Amino acid sequence: MTDAGDAAIWVLADPRAGTAAQPLGIAERLGLPFATIPLRWGALARIPWPVPTLAGVEAGARLAIRPPWPRLVFSAGRRSAPVARWLGRRGARLVHAMRPGFGAAEFNLLVVGRHDSPRQAGNLFPILGACHRMSPAALAAARAEWAELGALPGPRVALLLGGAVRGEGLDPGLAADLARQAAAMGGSVLATTSRRSGAAAAAAVAAALQGVPHVLHGWGSHGANPYAGFLAWADVVIATGDSVSMLSEALATAAPLFIAETTTAPRHRRLWQSLYDAGQARPLSAGAAPFTRVPLDEAARVATEIKAKGWI
């Protein structure tokens, strides 16, 4: 990362971590200096702007968007799209992750998950899942940082629990059942809950894993977050199917991924099916057996495409 005034590459970072991770992940795979431009949204960001504009950016954050202008801009999400297009009018090439809403033809590359059924276009770059920052280098660093996890008996099963986007958290009974399935599949369990899981689900997991070698990290726990370490040391991954980011990050490992089909949302179900069809995941079921798969790094594939086009 470098200062914006010295950088030919900018990453527009949405306040939502999962959205910001997509352009950051691609930029990091390029292996070149880039500047991160933090975006904070004002009230006007809710408007689906059909024109390039900075109107949605909070006034203080707008101060960072100043010349010299970059040659290449990475962005993600509908709110960032008008900002990226505004920079495009100042000579930047634009790489955008997720659907941009208006102005799709103005982007040089649109990186969209196959599960979003993107319309075929010359600038479309379809991927499986979503881009993220869980690179091979990041996983190697996490494996070294969390070396103590290697002392747990194998196979080590990473249990990644999400929850409803809008709701009362993950059902505690379901959380406990998933913990028991994870314990039955391996020698130890590496369990983590998320912001959407809720305290009751975390407590249910803790009770279900009593007597089982495990590490449980609840959302908001004190100390360093071992999430990346869990992925780096996992021999098997079980994840609830409600988070595109979580499933995509799990695919960065070589561990077989089993999806607990915990939502009826059509978009998520399309994601699961795309991963099943590609041999990258299987539905979690009684007696599910580990399978062989190749790690997936779609952000690196996008970076390779950018280099091949000579944009940097």
Side-chain angles (χ1 to χ4, degrees), residues 18 134 138-139 142-165 167-263 268 272 275 281-291 293:
M134 204 63 68
L139 286 170
R143 190 174 175 91
E145 180 182 358
W146 296 95
E148 65 269 24
L149 297 176
L152 290 168
R156 290 171 290 271
V157 181
L159 176 61
L160 315 179
L161 300 176
V165 176
E168 299 301 321
L170 186 65
D171 176 74
L174 173 59
D177 183 57
L178 292 175
R180 286 189 287 268
Q181 289 187 68
M185 193 176 286
S188 58
V189 178
L190 310 173
T192 181
T193 60
S194 74
R195 175 178 52 84
R196 300 200 306 262
S197 303
V205 170
L209 292 178
Q210 285 187 1
V212 176
H214 74 279
V215 177
L216 171 59
H217 181 80
W219 174 259
S221 297
H222 295 296
N225 188 340
Y227 174 76
F230 285 0
L231 288 178
W233 281 100
D235 299 304
V236 177
V237 178
I238 295 174
T240 55
D242 45 68
S243 170
V244 176
S245 296
M246 194 163 64
L247 293 175
S248 300
E249 288 164 348
L251 293 172
T253 77
L257 170 62
F258 293 95
I259 300 175
E261 299 182 347
T262 53
T263 177
H268 289 82
W272 307 341
L275 300 181
R282 292 183 183 176
L284 180 65
S285 59
F291 61 97
R293 51 170 294 275

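As the structure is a computational prediction, the values presented were derived from the model and not from experiment.
The two residues R282 and A289 come nearest to each other via the heavy atoms NH1-O, 4.1 Å. Scanning both residues, I238 and A182, for their nearest heavy atoms gives CD1-CA, 3.8 Å. The two residues V237 and A250 come nearest to each other via the heavy atoms CG1-CB, 3.9 Å. Taking both residues in full, the closest heavy atoms of A204 and P172 are given as CB-O, 3.3 Å, listed atom of the first, atom of the second, then distance. Residue D235 comes nearest to G154 through the heavy atom pair OD2-CA, 4.3 Å, listed as atom of the first residue, atom of the second, then distance. Contact record, L284 with M185: CD1-CE, 4.1 Å, taken as the closest heavy-atom pair.
A donor-acceptor distance shorter than 3.5 angstrom exists from the side chain of W272 to the backbone of G241, with no hydrogens or angles considered. Although no hydrogens or angles enter the test, the distance criterion places a donor-acceptor pair under 3.5 Å between the side chain of S188 and the main chain of P153. Under the 3.5 Å distance criterion, the side-chain polar atoms of S197 are left unmatched by any main-chain donor or acceptor of L170.
Within the structure, side chain to side chain donor-acceptor pair (under 3.5 Å) contacts touching residues 142-153 (residues at least two apart or in different chains) do not occur.
Remark: F230 engages no residue in a ring pair (Phe, Tyr, Trp, His ring centres under 6.0 Å) (not counting sequence neighbours).
Atom CG of D171 sits about 10.5 Å away from atom OG1 of T262, to the nearest 0.5 Å. Rounding to the nearest 0.5 angstrom, the gap separating the CG atom in L161 from the CZ atom in R196 is 11.5 Å. For the atom pair W219 CH2 and N225 CG, the distance stands at 8.0 Å (nearest 0.5 Å).
The side-chain heavy atoms of L160 and L231, taken from C-beta on, include a pair separated by under 4.5 Å. Inter-residue side-chain proximity for M246 and T240 is flagged as met; some heavy-atom pair is nearer than 4.5 Å. With contacts defined as side-chain heavy-atom distances shorter than 4.5 Å, the pair L159/Q181 does not qualify.
T263 and D242 form no side-chain donor-acceptor contact under 3.5 Å, judged by distance and modelled atom types alone.
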Test log, rule side chain to side chain contact (heavy atoms under 4.5 Å, CB included), inputs R293 and L251: CA-CA 9 Å; R293 51 170 294 275; L251 293 172; 3.7 Å; yes
